[in-house]
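Heavy-atom basis, side chains included; hydrogens, waters and symmetry copies ignored. The structure presented is a predicted model; accordingly, all values stated were derived computationally and were not measured. Residues: numbered from 1 along the sequence shown.
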Amino acid sequence: MQNLSALDLRDSRGKFHDLALVLLELSLALLRKCDGNLSSLHRSMQNKHDELCAFLGLSTDVKVISCSYLLVCLKKVSLYHFEKLLFEMYGVNLNEEQKKWFAGDGKELRCSIEKGKKRGEALVQLVNQENRHVLGQSYYNGTKESENLVFGIY
């Protein structure tokens with residue numbers, strides 16, 4: 001991976017983490033069947049970091065990348081080359097259904113909070129990222145929860 005300079009699109013100033021190690025840890029987290037959630041991937045990277053560094057003969061001073069900086073670092077990596085590495089070199093095969101991904105987001109509607117209440121009506125949309133079409137839209141009312149079953153597709 002160190003020979004693939006096309007992967008590393010970061011500015012040469014301020015590089016603190018070895019990109020090859022970060023991408024290797026991320027690849028292993030993906031191959032360990034993590035759910036794709038960034039925090040879940042990062043937790044997997046943390047759990048296997050010491051073991052991987054020992055296997056590679058790296059110093060114990062090498063620290064795992066933070067979750068917030070992982071996101072910043074991954075924004076500057078060539079997605080095309082990383083996908084090529086992951087799918088062609090590691091032999092990962094995804095069917096067409098697995099290649100699709102969706103985004104869901106909810107926003108509280110202005111002026112919908114009744115007097116004495118803390119939460120009002122919220123609008124939730126599910127969007128297909130391939131073509132940016134809204135697949136579904138729904139509302140819910142009530143106290144704010146981190147996850148709210150609206151579409152029934154969890």
Side-chain angles (χ1 to χ4, degrees), residues 1-108 118-119 122-136 138 140 142-154:
M1 281 193 340
Q2 291 174 342
N3 297 333
L4 296 174
S5 61
L7 273 175
D8 195 355
L9 301 177
R10 298 178 296 167
D11 188 359
S12 62
R13 297 170 288 168
K15 288 185 184 177
F16 296 110
H17 296 281
D18 183 9
L19 186 64
L21 179 62
V22 171
L23 293 179
L24 178 60
E25 287 177 330
L26 179 65
S27 300
L28 290 174
L30 289 168
L31 293 172
R32 290 181 69 207
K33 304 288 185 200
C34 290
D35 63 2
N37 185 333
L38 186 65
S39 60
S40 175
L41 292 170
H42 183 259
R43 195 174 314 109
S44 175
M45 291 168 67
Q46 281 180 317
N47 291 340
K48 293 296 181 180
H49 179 75
D50 292 337
E51 189 179 334
L52 183 62
C53 286
F55 179 78
L56 296 173
L58 298 175
S59 168
T60 56
D61 296 338
V62 176
K63 297 198 184 305
V64 68
I65 192 168
S66 70
C67 190
S68 58
Y69 191 65
L70 175 62
L71 185 59
V72 172
C73 185
L74 290 178
K75 284 183 180 178
K76 298 177 181 178
V77 170
S78 170
L79 183 60
Y80 170 78
H81 288 94
F82 182 66
E83 284 178 344
K84 185 174 180 178
L85 174 77
L86 191 64
F87 294 124
E88 291 179 15
M89 303 235 178
Y90 290 154
V92 175
N93 294 313
L94 299 178
N95 63 33
E96 288 303 314
E97 189 66 29
Q98 292 171 321
K99 291 179 184 178
K100 294 180 181 177
W101 62 281
F102 307 93
D105 193 17
K107 298 293 180 201
E108 195 162 65
K118 293 187 178 191
R119 296 287 162 208
L123 171 68
V124 181
Q125 290 185 330
L126 187 64
V127 179
N128 181 341
Q129 293 297 337
E130 184 177 321
N131 54 20
R132 298 185 180 173
H133 290 154
V134 175
L135 298 174
S138 187
Y140 71 90
T143 60
K144 182 171 179 152
E145 298 176 12
S146 62
E147 294 182 15
N148 216 329
L149 184 61
V150 174
F151 294 108
I153 57 172
Y154 286 86

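- Of all non-hydrogen atoms in Cys67 and Ser39, the two that sit nearest each other are SG-CA, 4.3 Å.
- Side-chain atoms of Glu25 and Val64, non-hydrogen and from C-beta on, do get closer than 4.5 Å to each other.
- Using a 4.5 Å heavy-atom threshold, the side chains of Leu23 and Leu74 count as touching.
- Put simply, the residue from Leu41, Leu31, Leu21, Leu38 that forms a side chain to side chain contact (heavy atoms under 4.5 Å, CB included) with Leu26 is Leu41.
- Taken from CG in Asp50 to NZ in Lys63, the straight-line distance is 10.0 Å, to the nearest 0.5 Å.
- With hydrogens and angles disregarded, no donor-acceptor distance shorter than 3.5 Å links the side chain of His49 to the backbone of Ile65.
- A distance of 11.0 Å separates NZ in Lys76 from CG in Leu71, rounded to the nearest 0.5 Å.
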query: Could you walk me through whether Val62 and Asp18 pass the side-chain contact (heavy atoms from CB on, under 4.5 Å) check?
result: CA-CA 9 Å; Val62 176; Asp18 183 9; over 6 Å; no
